[in-house]
Amino acid sequence: MATQAGGEEVIMDTEDKPKEAEQLGEDAEKGAPETTCPTDAVDATTQDSSISNGDDANADQEMVDLKIIWNKNKYDLKIPIDNTGAQLKERIHSLTGLPPAMQKVMYKGLLPEDKTLREIKITNGAKIMVVGSTINDVLAVNTPKEVVQQEVKAEEDKKEPLCSQKQHRKVLDKGKPDDIMASVKGTKERLPTVPLSGMFNKSGGKVRLTFKLEQDQLWIGTKERTEKVPMGSIKNVVSEPIEEHNDYYMMAFQLGPTEASQYWVYWVPAQFVDAIKDTVLGKWQYF
């Protein structure tokens with residue numbers, strides 16, 4: 001802008017300041033990319049870590065390949081060798097659905113939870129056996145109430161008195177033999193020096209018992225024959241009082257490994273029952 005003052009032309013540069021301001025603005029704009037906000041850097045780092053899938057965590061670790069065998073199924077598992085047994089259980093859980101608390105992990109014995117796989121000396125290709133059932137498996141095999149009741153009833157049936165069972169009733173219903181030896185209820189006597197006679201066997205035939213102590217034998221005699229049984233071969237002796245005639249017993253001598261080999265004798269006088277058991281089973285001898 002120009003004005004007249006005393007004949008001289010005075011020129012005032014009114015555009016300097018705006019240009020300077022404009023220049024500063026341009027400089028600021030040019031310098032903006034060179035300035036980085038610390039907050040922005042933190043946010044960028046956070047964003048990168050948030051999208052990591054976890055694979056990078058094991059990238060620098062030594063890995064070991066395992067074969068997990070559970071419930072007839074096989075699983076391939078790669079895991080850091082410095083993981084502990086407890087961490088292995090967690091990985092097994094993710095593979096099988098079997099909770100760690102219900103796992104029994106075997107590798108040359110029960111695998112310890114507090115030691116690393118390196119310390120346990122697990123190598124590539126090692127087979128890890130896992131035993132255990134999932135909660136659903138446990139619930140699935142829970143026995144229904146009706147089945148439990150049936151099993152209880154079956155157990156009660158087993159406790160039915162022997163003399164009430166059909167196989168024994170057909171002998172006992174014949175009644176007491178006429179020539180049976182007299183019984184003395186409530187007393188215990190030594191074995192008699194003569195054979196115990198007048199009793200029945202399971203076929204209803206007459207039987208006599210002779211205890212040959214010097215030969216350590218029990219002679220079981222019938223009308224047809226006499227069987228000489230070493231007492232050491234008799235596995236067990238079972239006895240039970242006869243209902244309504246509890247001064248007499250029914251007894252079984254188990255001659256083989258199972259109950260199917262029991263030889264039953266009926267109407268044994270009560271006073272000799274304990275002596276027979278003790279002699280046959282070797283508790284004491286009556287010499």
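Keep in mind that the numbers below use all heavy atoms, side chains included, and drop hydrogens, waters and symmetry copies.
A distance of 10.0 Å separates OG1 in T226 from CD1 in I220, rounded to the nearest 0.5 Å. With rounding to the nearest 0.5 Å, the separation of CG in D274 from CD in E189 is 11.5 Å. The line from OH of Y248 to CG of L172 is 13.5 Å long, rounded to the nearest 0.5 Å. Note that the CD1 atom of I92 and the CG atom of L77 stand 7.0 Å from one another [nearest 0.5 Å]. With rounding to the nearest 0.5 angstrom, the CD1 atom of I234 is 8.0 Å from the CG atom of L281. Atom CG of L111 and atom CE of M106 lie 9.5 Å apart (nearest 0.5 Å).
At a threshold of 4.5 Å between non-hydrogen side-chain atoms, the residues F253 and V229 do not count as touching. Here the side chains of T116 and N83 are not in contact, with every heavy-atom distance at 4.5 Å or above. Between P100 and E90, some side-chain heavy-atom pair lies under the 4.5 Å cut-off. Using a 4.5 Å heavy-atom threshold, the side chains of K212 and W219 count as touching. Residues L196 and M181 form a side-chain contact, since some pair of their non-hydrogen atoms from C-beta on lies under 4.5 Å apart. Contact check for Q271 versus K185: no side-chain heavy atoms found under the 4.5 Å cut-off.
Taking the ring pair (Phe, Tyr, Trp, His ring centres under 6.0 Å) definition, one finds that H245 meets it with W267, sequence neighbours left out. For Y263, there are no ring pair (Phe, Tyr, Trp, His ring centres under 6.0 Å) partners two or more places apart in sequence or in a different chain. Shown here are the ring pair (Phe, Tyr, Trp, His ring centres under 6.0 Å) partners of Y266, two or more places apart in sequence or in another chain: H168.
Of the possible polar contacts, none joining the Q215 side chain to the Q217 backbone as a donor-acceptor pair under 3.5 Å is found. Between the K67 side chain and the K74 main chain, no donor and acceptor come within less than 3.5 Å of each other. Checking side-chain atoms of Q103 against main-chain N and O of L98 turns up a donor-acceptor pair under 3.5 Å.
Hydrophobic clustering places F272 together with L213 (ILVMFWY residues linked when any side-chain heavy atoms are closer than 4.5 Å, directly or through intermediates). Hydrophobic clustering (side-chain heavy atoms under 4.5 Å, transitive across Ile, Leu, Val, Met, Phe, Trp, Tyr) groups M231 together with I276.
Between K277 and S239, the side chains place a donor N or O and an acceptor N or O closer than 3.5 Å (distance only, hydrogens not considered).
The two residues D247 and S183 come nearest to each other via the heavy atoms OD2-OG, 2.9 Å.
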